[in-house]
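Reading through the structure tokens given below for one structure.
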Amino acid sequence: MPELPEVESVRVGVHEWTAGTTITGAEVIDPRILGTTSQRRIDASAVDGFIAAVTGRRIIAAERRGKFMWLTLGEDLGAGPAAEPAAPELSLLVHLGMSGQLRVHDAADEIHRHTRAILRLERGSESLQLRFIDQRIFGHLGVQPLVHAYGRLVPASANHIAADPLEPAFEPGLALEQLARKRTVVKSALLDQSLVSGIGNIYADEALFRAGIHPLAIPARTRKSRLAAVLDSATRVMSDALAVGGTSFDALYVNVNGESGYFDRALLVYGRGGQECVRCGTEIEKMTIGGRGSHFCPNCQKPPRYR
DNA sequence: ATGAGCACCTGAACGC
DNA sequence: TGCGTTCAGGTGCTCA
């Protein structure tokens, strides 16, 4: 569900509500949320381990790279008056998958039926809950050490993803060089989080349309200036989407306060198969590429000649 | 090493 | 009304 702009909208809210709070307890309602989609077998000791690892920790900040978000965790309570270490070493990784949400609630609020885990937080006399709600359980929670990758500290399981276009560590020249080596179709390459992170199915289609590139073009056989245009388009479209809170088709995507974003109104091709192109009136085509629904204008995005 | 395909889930919408 | 099929904003493992 959520791509970079949606995850960032959530991160901002999580940071505002939770930075400086202490985790006083946790509840794992569905242990599968602690696994990945391919490692679903979670035993009771893993649940206990997760709860023990986060309880008593202070939340320093909510951070993000691409679609991976995490809370940096500080010293245990009761560890004495020792100062905070110079750099945090532990993180609570949160990946929203296709249908994940983080919501801030009062303890008394009704529990939504897809709630998979709850963190109890306190700041002074104030208490609140951060709830992880995920219909499909493609999302994930986990306590992880922080490691260096692409110029900064990230949770260990995010060490393979590249910088995203909206972070200072992003190097456009490096991303372009990596992209230009790919022999798979450009639509699939844009979804490869190890080249550029944060781009998902919606923004890949939007970026290709805005740059006038056919989704089946092969990066290794495409002019670099055109590849640079696609990366610029991806950066711009995600930045524009972030400015209005991201894209929400339905109640599945909302920020921590339950609010929707408005970028669905600005989508030019995604979800418009069979409708007229906003630029030239040609019928927008929809086809499956790499198992993902892909939308494009066959006139504005000319098919590559070499296929 | 790269790339393709599929598995992992739940629920909504659609056709018959 | 009910049943089967298809689709959905992502990732990671396995195999060629």
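Heavy atoms only: backbone and side chains are in, while hydrogens, waters and symmetry mates are out. So that the names make sense, note that chain A is the first sequence line, chain B the second, and so on, each numbered from 1.
Salt bridge annotation for A:K187-A:D205: present, with a cationic side-chain nitrogen under 4.0 angstrom from a carboxylate oxygen.
A:I137 has its CD1 atom 17 Å from the C1' atom of C:dG12, to the nearest Å. What separates CG of A:D192 from C1' of C:dG10 is a distance of 13 Å, to the nearest Å. Per the geometry, CD belonging to A:E8 stands 17 Å off C1' belonging to C:dG9, to the nearest Å. We find that NE2 of A:H295 is positioned 11 Å from P of C:dC7, with the value rounded to whole Å. In this structure, the OH atom of A:Y253 is 21 Å from the C1' atom of B:dT10, given to the nearest Å. Atom-to-atom, CG of A:D134 to P of B:dC9 comes out at 12 Å; the value is rounded to the nearest Å. One interatomic measurement links the two molecules: CD of A:E206 to C1' of C:dG9, which rounds to 12 Å at whole-angstrom precision. Note: CD (A:E3) to P (C:dG9) measures 8 Å, nearest angstrom.
Look at A:K67 and you'll find a side-chain N or O under 4.0 angstrom from OP1 or OP2 of C:dT11. Between A:K182 and B:dG3, a side-chain N or O to OP1/OP2 separation shorter than 4.0 Å is present. Listed pair A:R292 / C:dG10 meets the phosphate criterion, a side-chain N or O lying under 4.0 Å from OP1 or OP2. A:H95 has no side-chain polar atom (N or O) that falls below the 4.0 Å cut-off from OP1 or OP2 of C:dG10.
Within 4.0 Å of A:Y203, counting heavy atoms only, lies no atom of the nucleic acid at all. Nucleic acid contact for A:Q39: none, since no nucleic acid atom lies under 4.0 Å from a heavy atom of the residue. Looking at heavy-atom distances under 4.0 Å, A:T36 makes no contact with the nucleic acid at all.
The salt bridge (Lys or Arg N to Asp or Glu O under 4.0 Å) contacts involving residues 99-116 of chain A comprise A:D30-A:R116, where partners must be two or more places apart or lie in separate chains. Among pairs with a residue in residues 128-146 of chain A, none fulfils salt bridge (Lys or Arg N to Asp or Glu O under 4.0 Å), at least two apart in sequence or across chains. For the salt bridge (Lys or Arg N to Asp or Glu O under 4.0 Å) condition, no pair includes a residue of residues 278-301 of chain A, sequence neighbours left out.
Partners of A:H214 according to the ring pair (Phe, Tyr, Trp, His ring centres under 6.0 Å) rule, which considers only residues two or more places apart in sequence or in another chain, are A:F296. The salt bridge (Lys or Arg N to Asp or Glu O under 4.0 Å) check on A:R152 picks up A:E63, A:E167, with sequence neighbours excluded. Residues meeting the side chain to side chain contact (heavy atoms under 4.5 Å, CB included) test with A:A175, sequence neighbours left out: A:F170, A:V196, A:L231. Every side chain to side chain contact (heavy atoms under 4.5 Å, CB included) that A:S127 has, sequence neighbours left out, goes to A:E122.
By the 5.5 Å and 30° criteria, A:F138 is stacked with the base of B:dC8.
Proximity of a side-chain donor or acceptor of A:S188 to a complementary backbone N or O of A:G290 within less than 3.5 Å is not detected. A donor-acceptor contact shorter than 3.5 Å is absent between the side chain of A:N257 and the backbone of A:E259. A donor-acceptor distance shorter than 3.5 angstrom exists from the side chain of A:Q144 to the backbone of A:S157, with no hydrogens or angles considered. Judged purely by atom type and a 3.5 angstrom limit, A:K67 uses its side chain to pair as donor or acceptor with the backbone of A:I199.
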Show me the protein contacts with nucleotides 11-13 of chain B, counting only N or O atoms at under 3.5 Å.
residue : atom : partner : partner atom : Å
B:dG11  : OP1  : A:R113  : NH1          : 2.9
B:dG11  : O4'  : A:Q135  : OE1          : 3.4

N/O contacts under 3.5 Å, protein versus nucleotides 4-7 of chain B?
residue : atom : partner : partner atom : Å
B:dA4   : OP2  : A:T184  : OG1          : 2.7

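Here the separation of B:dA7 from C:dT5, taken at their P atoms, is 16 Å to the nearest Å. Taking the C1' atoms as reference points, C:dG12 lies 23 Å from B:dG11, given to the whole Å.
Counting Ile, Leu, Val, Met, Phe, Trp and Tyr side chains that sit under 4.5 Å apart, directly or through other members, A:V278 shares a hydrophobic cluster with A:F209, A:L268, A:V269, A:I284.
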Treat a base pair as Watson-Crick or G-U wobble with both distances under 3.5 Å, then lay out DNA chain C in dot-bracket form, 5' to 3', with | for cross-strand pairs.
.|||||||.|||||||

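Looking at A:Y203 and A:T247, their side chains do bring a donor and an acceptor atom within 3.5 Å of each other.
Of the candidate nucleotides C:dG10, B:dT10, C:dA8, B:dT10 has the atom lying nearest to any side-chain atom of A:R32. Comparing C:dC7, C:dC13, C:dT11 by their closest approach to the side chain of A:F68 singles out C:dT11.
Interface residues of residues 145-163 of chain A facing DNA chain C, ordered by number: A:H160; criterion, heavy-atom separation under 4.0 Å.
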Apply side-chain contact (heavy atoms from CB on, under 4.5 Å) to A:Y306 and A:T222, showing your working.
CA-CA 10 Å; A:Y306 47 76; A:T222 303; 3.7 Å; yes

